[in-house]
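Notes to accompany the following structure.
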Amino acid sequence: FGFSNAKILARKIVATFKLASEQLSSQDHYDYGMRAVKTVIMRAGILKREDAKMDEDVLLLRALRDVNIPKFLKHDLPLFEGIISDLFPKVKKPEIDYGVLMNSLVLSCKEDGLQPVDPFLEKCIQFYETLIVRHGVM
């Protein structure tokens with residue numbers, strides 16, 4: 001499994017982190033260095049192995065979103081979305097089916113007397129995506 005457009009995709013990763021470091025707010029938990037690049041590359045590799053035929057721009061877009069969105073504050077999300085939409089102008093945000101996981105989350109919420117509201121479910125999905133690429137979380 002390799003990336004046929006590796007140079008172009010690498011430039012997009014670098015541009016994403018460069019623009020994010022310049023435009024997003026300064027937070028201690030934001031990381032735009034080599035660790036962040038490695039995490040995006042790891043996620044992209046996982047996605048490539050899951051679906052080798054997926055368009056590489058869509059794959060990288062998903063990897064960048066999966067890795068970064070969970071750590072950004074709410075007011076930085078529109079800025080990040082603007083950055084990636086500029087770098088991937090004709091690429092639609094991929095829709096992901098979390099059917100079994102989503103059903104389990106909703107069921108667990110109901111069993112615990114909680115309302116399965118969308119923001120909570122989205123954060124659970126983001127936490128799941130984070131656990132896929134990181135060894136631990138704090």
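On a predicted model such as this, the values are computed, not experimentally measured, just so you know.
In this structure, CG on L107 lies 9.5 Å from CG on D112, to the nearest 0.5 angstrom. Interatomic distance, OG of S25 versus NE2 of H75, reported as 3.5 Å (0.5 Å rounding). Atoms OG and CG, on S108 and L114 in that order, are 9.5 Å from each other to the nearest 0.5 Å. Separating the OG1 atom in T130 from the CZ atom in R43 is a distance of 9.5 Å, to the nearest 0.5 Å. To the nearest 0.5 angstrom, R11 atom CZ is 6.5 Å from K7 atom NZ. How far NZ of K110 is from CG of L105: 12.0 Å, rounded to the nearest 0.5 Å.
Connection of I125 to L77 is established within a shared hydrophobic cluster, with ILVMFWY side chains joined at heavy-atom distances below 4.5 Å, either directly or through further cluster members. Cluster membership check: L19 does not share its hydrophobic cluster with M34, using side-chain heavy-atom separations under 4.5 Å among Ile, Leu, Val, Met, Phe, Trp and Tyr. Under the 4.5 Å side-chain heavy-atom criterion for ILVMFWY residues, no single connected hydrophobic cluster contains both V100 and Y98. No continuous path of hydrophobic side-chain contacts links I8 to V40 [ILVMFWY only; heavy atoms under 4.5 Å]. In this structure, F17 is not a member of the same hydrophobic cluster as V14, with clusters built from ILVMFWY side-chain heavy atoms closer than 4.5 Å.
Q115 places none of its side-chain heavy atoms less than 4.5 Å from the side chain of C109. For the pair L79 and F72, the minimum side-chain heavy-atom distance is 4.5 Å or more. With contacts defined as side-chain heavy-atom distances shorter than 4.5 Å, the pair Y30/N68 does not qualify.
The backbone N or O of D31 sits less than 3.5 Å from a side-chain atom of K71, completing a donor-acceptor pair. A donor-acceptor contact shorter than 3.5 Å is absent between the side chain of D76 and the backbone of L24. Without hydrogens or angle criteria, Q23 side chain to F80 main chain gives no donor-acceptor distance under 3.5 Å. The closest donor-acceptor contact from the side chain of S85 to the backbone of G82 lies under 3.5 Å.
Remark: of the listed residues D57, L64, N5, L61, D57 is the sole one forming a side-chain contact (heavy atoms from CB on, under 4.5 Å) with K12. L60 pairs with exactly one of L47, L9, L87 by the side-chain contact (heavy atoms from CB on, under 4.5 Å) rule, that one being L9.
Salt bridge absent: E95 and R62 never bring a charged side-chain N and a carboxylate O closer than 4.0 Å. A salt bridge links E81 with R65: the closest approach of a Lys/Arg side-chain nitrogen to an acidic carboxylate oxygen falls below 4.0 angstrom.
In this structure, a donor-acceptor pair under 3.5 Å is absent between the side chains of E22 and Y32.
Heavy-atom contacts from other residues, nucleotides or ligands closer than 6.0 Å to CZ of F127 number 12 or fewer.
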